[in-house]
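Down below is the structure, laid out as structure tokens.
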Amino acid sequence: MIDLLRSRRSIRKFTEKAVEADIVDQLMEAVLRSPSSRGFNPWEFVVVDASQTIQRLSKAKAHGATFLAKAPLAVAICADPAKSDVWVEDAAIAAIILHLAATDLGLGSCWIQLRKREYDAGRTASEYAAEVLGLPAGLTVPVIMAIGYPAQSSPPHPRESLQMDKVSFNRYGTKR
Ligand SMILES: Cc1cc2nc3c(=O)[nH]c(=O)nc-3n(C[C@H](O)[C@H](O)[C@H](O)COP(=O)(O)O)c2cc1C
């Protein structure tokens with residue numbers, strides 16, 4: 001795990017190779033093992049490999065989602081706010097587990113933030129994605145993960161770049 005975290009980066013460029021069904025199964029196993037507050041599991045996942053649907057999802061917001069158009073796979077992390085008061089945390093944990101599992105399986109992935117983002121003046125990015133995906137009322141899409149085999153190599157963040165000054169011991173501001 002520590003080696004995985006040392007090399008992990010967000011990947012936004014993918015080869016055209018499809019993600020195999022058994023790999024998708026492993027990704028879904030990983031997310032379904034996510035911890036959630038009180039075990040309420042307020043999330044659901046929509047795996048998208050239909051190119052047309054991926055294209056439409058890539059238009060969910062003006063910036064930071066267009067690269068999704070060229071991804072072979074998208075996973076919409078959906079959640080039902082009525083099922084947990086901390087659904088945002090639960091969805092974010094599932095998303096990061098998906099990102100790390102994808103990295104571990106040799107895939108690249110990148111988080112696309114929809115919650116608190118706009119599609120246009122009248123609709124949120126989450127509402128737009130919910131419509132594209134045909135979600136039932138009550139389910140929302142805070143995050144979409146773009147996934148595929150990496151076509152870019154991003155170097156690990158060097159150890160010297162880590163913001164060690166953000167860490168205190170026992171009392172804020174006390175350094176070791
Ligand atoms: C909450 C959150 C929202 C993010 N939203 C986007 C996004 O909408 N589009 C995007 O391209 N990257 C997005 N990212 C990826 C970040 O830009 C990326 O993690 C950051 O620049 C650090 O790069 P690294 O992951 O390669 O270390 C998001 C990451 C997080 C954790």
Side-chain angles (χ1 to χ4, degrees), residues 1-36 41 43-79 88-119 125-126 128-130 132-133 135 139-163 166:
M1 177 56 100
I2 195 71
D3 287 340
L4 182 75
L5 295 173
R6 282 180 177 141
S7 59
R8 181 218 60 81
R9 292 297 309 271
S10 294
I11 299 296
R12 299 179 181 82
K13 289 196 175 110
F14 309 99
T15 69
E16 285 176 11
K17 186 181 173 191
V19 180
E20 303 86 337
D22 65 307
I23 300 284
V24 172
D25 288 349
Q26 290 183 67
L27 291 173
M28 289 306 102
E29 179 186 348
V31 279
L32 292 168
R33 290 184 183 281
S34 299
S36 71
N41 302 350
W43 23 246
E44 295 195 40
F45 307 94
V46 182
V47 178
V48 184
D49 61 5
S51 173
Q52 262 195 336
T53 309
I54 289 178
Q55 308 286 324
R56 290 178 70 198
L57 291 174
S58 75
K59 298 185 172 82
K61 61 177 183 175
H63 303 287
T66 46
F67 71 93
L68 176 63
K70 290 194 171 166
L73 191 73
V75 175
I77 288 109
C78 311
V88 176
E89 289 86 339
D90 290 341
I93 288 166
I96 209 69
I97 283 184
L98 180 59
H99 175 56
L100 292 175
T103 309
D104 192 44
L105 290 165
L107 295 158
S109 60
C110 187
W111 180 306
I112 297 171
Q113 179 72 24
L114 299 193
R115 197 178 78 87
K116 303 268 188 193
R117 301 290 178 263
E118 278 185 357
Y119 170 69
S126 295
Y128 169 80
V132 169
L133 296 168
L135 299 189
L139 268 191
T140 184
V141 194
V143 187
I144 292 174
M145 197 66 65
I147 303 175
Y149 287 96
Q152 72 178 94
S153 68
S154 300
H157 294 296
R159 197 177 175 83
E160 313 78 71
S161 72
L162 302 182
Q163 297 173 296
K166 296 210 168 175

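Sparse packing is recorded around CD of Glu16, with 12 or fewer heavy atoms of other residues, nucleotides or ligands lying under 6.0 Å away.
Side-chain polar atoms of His157 and Arg9 form a donor-acceptor pair below 3.5 angstrom.
A pairwise comparison of heavy atoms in Val75 and Phe45 identifies CG1-CB, 4.3 Å as the closest pair. Heavy-atom minimum distance, Met145 versus Ser109: CG-CB, 4.0 Å. The shortest non-hydrogen separation linking Ala151 to Phe14 is CB-C, 3.5 Å. When every heavy atom of Ser10 is checked against every heavy atom of Cys110, the shortest pair comes out as CB-SG, 3.8 Å. Listed here is the closest heavy atom pair of Ala101 and Leu27: C-CD2, 4.0 Å. The two residues Leu114 and Val141 make their nearest non-hydrogen contact at CB-O, 3.4 Å.
In this structure, the side chains of Pro142 and Val88 stay at 4.5 Å or more apart for every pair of heavy atoms. At a threshold of 4.5 Å between non-hydrogen side-chain atoms, the residues Ile11 and Ile147 do not count as touching. Put simply, the side chain of Leu100 reaches to within 4.5 Å of the side chain of Arg8, judged on heavy atoms.
Residue pairs that meet the salt bridge (charged side-chain N to carboxylate O under 4.0 Å, His left out) test with at least one member in residues 24-33, sequence neighbours left out, are Glu29-Arg33.
Within the model, atoms CH2 of Trp43 and CG of Asp90 stand 8.0 Å from one another, a figure rounded to the nearest 0.5 Å. Of the inter-residue distances, the one linking Asp22 atom CG with Leu105 atom CG reads 9.0 Å to the nearest 0.5 angstrom. In this structure, the separation between SG on Cys78 and CG on Leu139 is 5.5 Å, given to the nearest 0.5 Å. A distance of 10.0 Å separates CG in Leu98 from CH2 in Trp111, rounded to the nearest 0.5 Å.
None of Val143, Leu135, Thr140 except one satisfies the side chain to side chain contact (heavy atoms under 4.5 Å, CB included) rule with Ser126; the exception is Thr140. Under the side chain to side chain contact (heavy atoms under 4.5 Å, CB included) rule, Leu73 has a single partner from Val24, Ile23, Leu107, which is Val24.
Judged by distance alone, the side chain of Thr103 and the main-chain N or O of His99 form a donor-acceptor pair under 3.5 Å. Looking at Gln152, its side chain does come within 3.5 Å of a backbone N or O of Arg12 through a donor-acceptor pair. The main-chain N or O of Asn41 is found under 3.5 Å from a side-chain atom of Ser36 such that the two form a donor-acceptor pair.
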Inset, instruction - Walk me through it: do Ile2 and Leu4 pass the test side-chain contact (heavy atoms from CB on, under 4.5 Å)? - result: CA-CA 5 Å; Ile2 195 71; Leu4 182 75; over 6 Å; no
Name the atoms and distances for all side-chain donor-acceptor pairs under 3.5 Å in residues 56-68, with sequence neighbours left out.
from: Ser58; atom 1: OG; to: Gln55; atom 2: O; distance (Å): 2.6
from: Lys61; atom 1: NZ; to: Gln113; atom 2: O; distance (Å): 2.8

